[in-house]
Amino acid sequence: MQWRQPENILLELKKILKPNGTIIINFYNVAYYKNIKNVLDGKWHYKAKSNINNNYEANLLSVKNIRFFTIKSMQRMLESVGLKIQNRTRIFTTEPETECATFMDPYMKAGLASRKDLPDFRTCAYIMVISK
């Protein structure tokens, strides 16, 4: 996310939001399994330029991103400022679902991850519709 203090910006947006109005946000998922794999492999490399062709996986570590969120941390932040998620859309990449499950399997066996969270680990980014 490219906002230094997103809570403050969300509070300001909430003030001017009409009663039935919505805010649409897009954010990259730092818990995307390939990102976790790269961190564990020592490959946390910021990229100087974002990829303009909407390659979410490539854009996750753009130097423009200064805040990182998981779906749960984003939900907590939105709740803390009094906003509600009306809808969320997952942005997946093209790799097979089994690739993520295979990578996450040891973590699930160790109790560090849950099978029900696999869709979130496969998600590169989210688009959310939020309201008061």
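Just so we're clear, the structure is a prediction, and the values are computed from it rather than from any experiment.
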| request: Would you indicate whether the side-chain heavy atoms of Met128 and Leu83 approach each other to under 4.5 Å? | output: no
| query | Excluding sequence neighbours, so at least two apart, what forms ring pair (Phe, Tyr, Trp, His ring centres under 6.0 Å) with Tyr126? | reply | Phe27
| How many angstroms lie between CG in Leu78 and CD1 in Ile23, if you round to the nearest 0.5 Å? | 8.5 Å
| query | Do Met74 and Arg88 come close enough that some side-chain heavy atom pair is under 4.5 Å? | reply | no
| Are the side chain of Asn35 and the backbone of Val30 linked by a donor-acceptor contact shorter than 3.5 Å? | yes
| said: With a 3.5 Å distance limit and no angle check, can you tell me whether Asp120 reaches the backbone of Ala31 through a side-chain donor-acceptor pair? | reply: no
| query | What pair of heavy atoms forms the shortest contact from Gln5 to Arg67, and how long is it? | reply | CA-NH1, 4.3 Å
| query | Is Met108 close to Leu118 at the side-chain level, that is, under 4.5 Å between some pair of heavy atoms? | reply | yes
| said: If you define the side chain from C-beta out and look only at heavy atoms, does anything of Asn29 sit under 4.5 Å from Ile71? | reply: no
| query | Is Ile36 close to Phe121 at the side-chain level, that is, under 4.5 Å between some pair of heavy atoms? | reply | yes
| query | When you look at CG of Asn20, are more than 12 heavy atoms from neighbouring residues, nucleotides or ligands closer to it than 6.0 Å? | reply | no
| Arg122 versus Tyr33, closest heavy-atom pair with distance | CA-CD2, 4.4 Å
| message | As an exercise, state the distance from CE of Met104 to CG of Leu112, rounded to the nearest 0.5 Å. | response | 8.5 Å
| task | Report yes or no: does Thr102 contribute a side-chain atom to a donor-acceptor pair with the main-chain N or O of Thr98 at less than 3.5 Å? | result | yes
| Are there more than 12 heavy atoms of other residues, nucleotides or ligands under 6.0 Å from atom NZ of Lys43? | no
| Taking atom CD of Gln86 as the centre, does the number of heavy atoms from other residues, nucleotides or ligands within less than 6.0 Å exceed 12? | yes
| For the student: nearest non-hydrogen atoms of Pro119 and Phe92, plus distance | O-CE2, 3.6 Å
| Tell me the salt bridge (charged side-chain N to carboxylate O under 4.0 Å, His left out) pairs involving residues 10-21, sequence neighbours left out? | Glu12-Lys15
| field | Nearest heavy atoms of Thr22 and Ser131, plus distance in Å | value | CG2-CB, 4.5 Å
